[in-house]
K.L.:
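Before I ask anything, let me first share the structure, which is written out below as structure tokens.
Each residue takes its place number in the sequence, starting with 1.
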Amino acid sequence: MKVIKYIFISVLVVIFSCLTVTEAMATYQDKSMQKESKKAATRLEKEGWKVFGNVRSIKEGMDAHYKALFEGKGHLTTIEAHGIANNLNLAVRKSQSNAAAQYAAMRESKVEGETETKVNSTSDGETSSGNIEINSHFRSTTDQLVKSMKPSVVFYRTMSDGKYEVRAFFLVSVL
């Protein structure tokens with residue numbers, strides 16, 4: 001009976017220790033995220049950026065972005081895209097287009113690397129039709145992902161020539 005009691009107490013201690021370590025790591029990561037957010041917001045404010053959209057302040061926008069990144073638990077990464085145009089809305093669309101191109105290039109590079117590895121491990125005759133199927137599926141999947149990309153936060157500033165410069169942050173899946 002004492003042995004069972006000892007094992008039960010030991011298991012409880014281990015469980016609570018793990019929970020405490022997990023809480024401590026989450027708190028550390030949360031504080032680290034807040035620190036990064038504050039640093040980024042300060043830098044953006046010094047550079048003269050303003051918030052575009054529903055966000056009230058640069059700090060609030062960066063906090064929301066970093067919080068979403070933190071909640072992605074390592075499955076998300078940030079793409080930062082720029083756009084310049086005479087019209088603010090056009091500059092935003094250009095930044096979205098640039099982000100989509102960046103993400104598509106990242107995905108394509110990843111798939112090409114994986115395909116090349118698989119091609120090297122199989123015979124030449126087996127891969128030619130397989131690559132065509134992979135490429136067409138990849139392109140349609142990438143097109144769908146790119147069309148659904150929305151910025152997590154957008155900033156803009158007016159340049160000396162009167163054009164608008166936009167800086168948009170997007171959260172995308174890690175490849």
Side-chain angles (χ1 to χ4, degrees), residues 14-114 116 138-175:
V14 169
I15 290 172
F16 286 120
S17 297
C18 290
L19 289 175
T20 304
V21 168
T22 304
E23 270 183 31
M25 295 219 19
T27 301
Y28 172 76
Q29 289 175 337
D30 188 43
K31 286 183 180 181
S32 176
M33 179 265 314
Q34 289 173 359
K35 192 178 199 181
E36 279 296 314
S37 175
K38 184 176 182 179
K39 189 184 336 177
T42 302
R43 186 182 74 246
L44 289 166
E45 287 172 357
K46 284 182 181 176
E47 293 174 358
W49 294 95
K50 297 174 187 161
V51 180
F52 178 81
N54 298 334
V55 180
R56 290 182 290 207
S57 71
I58 291 176
K59 176 75 169 102
E60 182 181 296
M62 291 311 294
D63 282 348
H65 174 75
Y66 277 98
K67 182 179 181 191
L69 184 62
F70 175 71
E71 289 173 351
K73 299 186 188 220
H75 299 290
L76 297 175
T77 189
T78 300
I79 290 180
E80 183 179 331
H82 296 264
I84 297 174
N86 291 330
N87 178 301
L88 183 55
N89 289 325
L90 181 58
V92 170
R93 285 197 301 270
K94 282 186 174 184
S95 72
Q96 289 174 315
S97 177
N98 290 337
Q102 284 181 45
Y103 190 55
M106 285 170 50
R107 286 181 49 85
E108 187 172 326
S109 175
K110 174 76 171 168
V111 168
E112 283 177 357
E114 289 176 359
E116 183 66 31
F138 164 77
R139 292 199 192 287
S140 68
T141 303
T142 299
D143 288 345
Q144 290 172 357
L145 287 170
V146 162
K147 287 177 185 174
S148 67
M149 285 178 66
K150 301 278 186 261
S152 61
V153 64
V154 178
F155 303 106
Y156 74 96
R157 65 182 173 188
T158 307
M159 299 170 53
S160 60
D161 61 359
K163 291 183 179 181
Y164 292 96
E165 180 181 10
V166 168
R167 189 173 189 176
F169 294 83
F170 295 80
L171 292 173
V172 295
S173 298
V174 172
L175 305 174

K.L.:
Between Val172 and Gln102, is any pair of side-chain heavy atoms under 4.5 Å apart?
P.N.:
no
K.L.:
Using the test side-chain contact (heavy atoms from CB on, under 4.5 Å), find all partners of Ala99 that sit at least two apart in sequence or belong to another chain.
P.N.:
Ile79, Ala81, Met149, Phe170
K.L.:
Taking all atoms of both residues into account, what is the closest heavy-atom pair of Asn89 and Asn87, and its distance?
P.N.:
N-OD1, 2.7 Å
K.L.:
Suppose we screen for salt bridge (charged side-chain N to carboxylate O under 4.0 Å, His left out). Which residues come up paired with Lys38, at least two apart in sequence or across chains?
P.N.:
none
K.L.:
Taking all heavy atoms of Val154 and all of Ala168, pick out the closest pair and write down the distance.
P.N.:
CG2-CB, 4.0 Å
K.L.:
My understanding is that only residues two or more places apart in sequence, or in another chain, count here; which of them pass side-chain contact (heavy atoms from CB on, under 4.5 Å) with Asp161?
P.N.:
Met159, Lys163
K.L.:
List the residues meeting salt bridge (charged side-chain N to carboxylate O under 4.0 Å, His left out) with Arg93, not counting sequence neighbours, and say none if there are none.
P.N.:
none
K.L.:
Applying side chain to side chain donor-acceptor pair (under 3.5 Å), name anything that partners Thr158, two or more places apart in sequence or on another chain.
P.N.:
none
K.L.:
What residues form a side-chain contact (heavy atoms from CB on, under 4.5 Å) with Ser37, not counting sequence neighbours?
P.N.:
Lys59, Met62, Asp63, Tyr66
K.L.:
Between His65 and Phe169, how do the two ring planes meet: parallel, tilted or perpendicular, split at 30° and 60°?
P.N.:
tilted
K.L.:
Using every non-hydrogen atom in the two residues, find where Gln96 and Pro151 come nearest and quote the distance to one decimal.
P.N.:
NE2-CD, 3.4 Å
K.L.:
Mind listing the closest non-hydrogen atom pair of Leu88 and Tyr164 along with its distance?
P.N.:
N-CD1, 3.6 Å
K.L.:
Can you give me the closest heavy-atom contact between Thr77 and Ser173, atom names plus distance?
P.N.:
CG2-O, 4.4 Å
K.L.:
Using residues 44-53 as the side-chain source, report each donor-acceptor pair under 3.5 Å to any protein atom, sequence neighbours left out, with the distance given to one decimal.
P.N.:
{"from": "Glu47", "atom 1": "OE1", "to": "Trp49", "atom 2": "NE1", "distance (Å)": "3.1"}
{"from": "Glu47", "atom 1": "OE1", "to": "Arg167", "atom 2": "NH1", "distance (Å)": "3.0"}

K.L.:
So, using side chain to side chain donor-acceptor pair (under 3.5 Å) as the criterion, who are the partners of Glu165 when residues are at least two apart?
P.N.:
Arg157
K.L.:
How far apart are the closest heavy atoms of Ser57 and Val55, and which atoms are they?
P.N.:
O-CG1, 3.1 Å
K.L.:
side-chain contact (heavy atoms from CB on, under 4.5 Å) with Ala68: which residues, sequence neighbours excluded?
P.N.:
Leu171
